[in-house]
Amino acid sequence: MQAEYRGKLVTPEAAAAAVRDGDWVDYGFGAGFPELMDRALAARKGTLRDVKIRGGLVIRPRIEAVEADPERESFTYYSWHIGDYERKLQSRGLVEFLPVMLRSLPELYRRHIRVDVAFVPVSRPDGQGYCGLGISNYAWRTIFENARTVVFEINERYPRLQGVDGSHRVHLSEADYIVEGAHEPLPVRSYKEASETDKRIAELVVAEIPDGAVLSLGVGGVPFTVANMVAQSDLKDIGCHTGTISDAFLALHRAGKLTNARKEFDAGRSTWNLAMGSQELYDWLDAEPELFHPGDLDYVHDPYRIATMKNVISINGGVQLDLMGQENGESALTRQLSGIGGQMDFLEGAFRSAGGKGFVCLNSSRVTKDGERKSNIVPFIPGGATVSAPRTMIQYVATEYGVAKLCGLSLRERAEAMIAVAHPDFRAELARCAAENFR
């Protein structure tokens with residue numbers, strides 16, 4: 001670290017002392033996490049009141065400030081997107097959910113909400129004092145430029161890439177405090193073995209993907225299976241412009257498919273906002289930074305920028321769809337399962353793209369713990385559940401029984417198309433509902 005910045009180097013405990021009663025503290029998003037600052041803030045339990053912590057999609061095993069204070073004496077945790085760990089917190093009543101479309105989040109911070117302290121995880125600095133944002137670009141620059149106090153937490157395990165023209169870069173001079181120390185291994189995310197149903201859905205979607213397609217893949221079994229099938233196919237010159245880069249894209253790279261050669265911008269580079277996957281994925285980002293354009297939400301999630309590319313294929317999972325095409329992508333009635341994330345951003349971008357297609361993929365049915373089969377295509381999204389994407393946003397729906405193209409159809413025609421891809425056990429019942437409601 002350059003000598004002129006050593007005056008900012010403090011212990012995590014000293015940096016945590018900057019947090020005041022009533023403050024909003026930002027932890028970031030995804031696999032990037034301010035581990036040392038979280039521990040130091042947790043140690044101030046009982047000395048602070050009404051501190052609100054914002055984060056989202058946490059895949060590490062715990063948030064110390066939450067676990068240390070289950071009574072919320074000092075801290076309340078808010079999430080933009082419920083991840084695996086946050087679902088466990090939710091069952092204990094220890095997380096407040098904040099609905100958001102990711103593309104709108106930077107504007108929230110600029111104009112509508114307050115941030116007092118930002119704990120920003122960064123990579124080791126280079127000789128000029130520049131750090132990378134590691135595995136979570138997020139909206140960090142927007143956030144810390146609007147914060148009262150900025151803490152950079154240097155994580156020695158982060159990939160060191162700094163992006164195109166500094167798109168993933170910050171400078172030590174921009175921090176009020178700098179902390180460093182030993183970190184745990186980076187949190188990893190793996191995918192379970194694809195089911196036969198997942199494979200069938202993926203086969204149908206892969207058949208819709210042309211050479212030179214630019215892929216946006218959500219996190220989940222079907223998008224990951226699609227990538228593996230593309231890797232084994234005859235498709236050529238696949239591109240990447242995605243919210244989260246994962247091992248799905250690493251598989252495409254290893255197969256020689258991920259060239260990004262036909263992209264109208266960022267040619268030759270994979271464009272992403274978050275990285276989440278195996279240590280091998282993180283090692284790839286570190287070893288070959290010239291292959292990537294990590295960017296902030298304003299850059300990556302802008303549907304109008306996405307639309308300037310041809311053949312954008314957006315693939316995401318859903319929870320339920322109704323006969324009109326309304327999608328619940330994030331809740332079980334009022335229980336929040338995840339969040340909408342960037343799904344609507346990429347659905348719109350793909351719709352506007354020449355040759356683009358936006359897919360919502362789901363199993364046509366599920367089997368409950370009691371052994372009862374339930375349809376995931378329903379007459380109407382049930383009361384209390386979320387309408388994550390309105391019927392006007394849904395272009396293609398894929399189940400194991402086929403692909404339904406909904407845009408341009410009447411309500412009656414949409415219902416017919418949805419019934420055709422529903423599980424056969426439920427088609428007669430759905431047809432009766434359609435006849436009663438969409439004459």
Side-chain angles (χ1 to χ4, degrees), residues 82 97 99 101 195-198 200-205 207-208 218 220-222 314-341 343-344 346-348 350-352 356-439:
I82 302 294
F97 177 67
M101 274 191 312
S195 68
E196 291 305 312
T197 301
D198 288 343
R200 177 56 185 153
I201 298 170
E203 287 173 354
L204 293 168
V205 173
E208 302 276 347
V222 171
S314 172
I315 303 169
N316 282 282
V319 177
Q320 292 173 312
L321 280 101
D322 70 16
L323 293 177
M324 294 185 289
Q326 295 185 123
E327 181 210 6
N328 166 20
E330 56 186 294
S331 74
L333 297 179
T334 58
R335 179 171 174 260
Q336 197 68 33
L337 300 175
S338 56
I340 190 56
Q343 186 178 134
M344 289 181 70
F346 287 92
L347 281 173
E348 183 173 353
F351 177 79
R352 292 177 178 275
K357 298 176 182 179
F359 291 91
V360 175
C361 304
L362 79 167
N363 292 2
S364 67
S365 65
R366 66 193 185 281
V367 178
T368 68
K369 293 179 181 178
D370 299 329
E372 183 183 3
R373 185 173 293 278
K374 297 273 192 177
S375 180
N376 291 327
I377 294 175
V378 294
F380 302 101
I381 299 298
T386 307
V387 176
S388 307
R391 60 195 184 184
T392 49
M393 289 288 294
I394 303 300
Q395 190 178 8
Y396 291 90
V397 175
T399 76
E400 69 271 30
Y401 293 103
V403 176
K405 184 177 182 181
L406 300 185
C407 54
L409 301 184
S410 69
L411 293 179
R412 179 181 56 79
E413 291 165 340
R414 282 169 171 260
E416 291 170 353
M418 291 300 297
I419 291 166
V421 299
H423 191 283
D425 290 357
F426 302 98
R427 290 179 187 173
E429 178 187 348
L430 292 169
R432 284 194 296 273
C433 293
E436 292 171 3
N437 291 283
F438 307 120
R439 296 176 183 176

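All values below were derived from every heavy atom in this structure, side-chain atoms included, with hydrogens, water molecules and symmetry-related copies excluded. The first residue of the sequence shown is numbered 1, and numbering continues consecutively from there.
Within the model, atoms CG of Leu362 and CG of Asn316 stand 12.0 Å from one another, a figure rounded to the nearest 0.5 Å. Note that CG of Leu409 and CD of Glu416 are 9.0 Å apart. Values are rounded to the nearest 0.5 Å. Note that CD1 of Ile340 and CD of Glu327 are 5.5 Å apart. Values are rounded to the nearest 0.5 Å. In this structure, CE on Met393 lies 5.0 Å from CD on Glu348, to the nearest 0.5 angstrom.
When all heavy atoms of Ala350 and Gly358 are compared, the closest pair comes out as CB-N, 3.9 Å. Annotation for Ile201 and Cys361: closest pair CG2-CB, 3.9 Å, computed over non-hydrogen atoms. Minimum interatomic distance between Leu347 and Ser314 (heavy atoms only, all atoms of both residues): N-OG, 4.1 Å. For Ile394 against Ala389, the heavy-atom pair with the smallest separation is CD1-CB, 3.8 Å. Contact record, Gly329 with Ser338: O-OG, 3.7 Å, taken as the closest heavy-atom pair. Pairing each heavy atom of Cys433 with each of Leu323, the nearest pair is CB-CD1, 4.4 Å.
Among residues two or more places apart in sequence or in another chain, the side-chain contact (heavy atoms from CB on, under 4.5 Å) test is passed with Thr392 by Pro390. Shown here are the side-chain contact (heavy atoms from CB on, under 4.5 Å) partners of Arg427, two or more places apart in sequence or in another chain: Tyr401, Ile419, Ala422, Pro424. Every side-chain contact (heavy atoms from CB on, under 4.5 Å) that Thr386 has, sequence neighbours left out, goes to Asn328, Glu330, Ser331, Gln336, Ser388.
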> Hey, mind stepping through Asp425 and Arg373 against side-chain contact (heavy atoms from CB on, under 4.5 Å) and telling me if it holds?
Replying inline: CA-CA 9 Å; Asp425 290 357; Arg373 185 173 293 278; 4.1 Å; yes
> Could you go step by step and tell me if Phe438 and Arg414 meet the side-chain contact (heavy atoms from CB on, under 4.5 Å) rule?
Replying inline: CA-CA 10 Å; Phe438 307 120; Arg414 282 169 171 260; over 6 Å; no
> Are Arg432 and Glu436 close enough, and set up right, to give a salt bridge (charged side-chain N to carboxylate O under 4.0 Å, His left out), and what steps lead you there?
Replying inline: CA-CA 6 Å; Arg432 284 194 296 273; Glu436 292 171 3; over 6 Å; no
> Yes or no on side-chain contact (heavy atoms from CB on, under 4.5 Å) for Arg391 and Leu411, after CA distance, side-chain angles and deciding distance?
Replying inline: CA-CA 10 Å; Arg391 60 195 184 184; Leu411 293 179; 3.6 Å; yes
>> Show, in sequence, the C-alpha distance, side-chain angles and deciding distance for Asn376 and Arg366, and conclude whether the side-chain contact (heavy atoms from CB on, under 4.5 Å) test is met.
In response: CA-CA 7 Å; Asn376 291 327; Arg366 66 193 185 281; 2.7 Å; yes
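For the pair Asp322 (side chain) and Met324 (backbone), a donor-acceptor distance under 3.5 Å is present. Glu400 places no side-chain N or O within donor-acceptor distance of the main-chain N or O of Thr197, the cut-off being under 3.5 Å. Put simply, the side chain of Ser364 never gets that close to the backbone of Thr399: no donor and acceptor are under 3.5 Å apart.
Side-chain contact between Gln343 and Val360 is present, with heavy atoms from C-beta onward closer than 4.5 Å. Annotation: side chain of Val403 is in contact with side chain of Phe359 (closest heavy-atom distance under 4.5 Å). Looking only at side-chain heavy atoms (C-beta outward), Gln320 and Pro382 come within less than 4.5 Å of each other. Put simply, the side chain of Ile82 reaches to within 4.5 Å of the side chain of Phe97, judged on heavy atoms.
A salt bridge does not link Glu196 with Arg200: none of the charged nitrogens is closer than 4.0 Å to a carboxylate oxygen.
By the 6.0 Å contact criterion, CZ on Phe351 is open, its count of non-hydrogen atoms from other residues, nucleotides or ligands being 12 or less.
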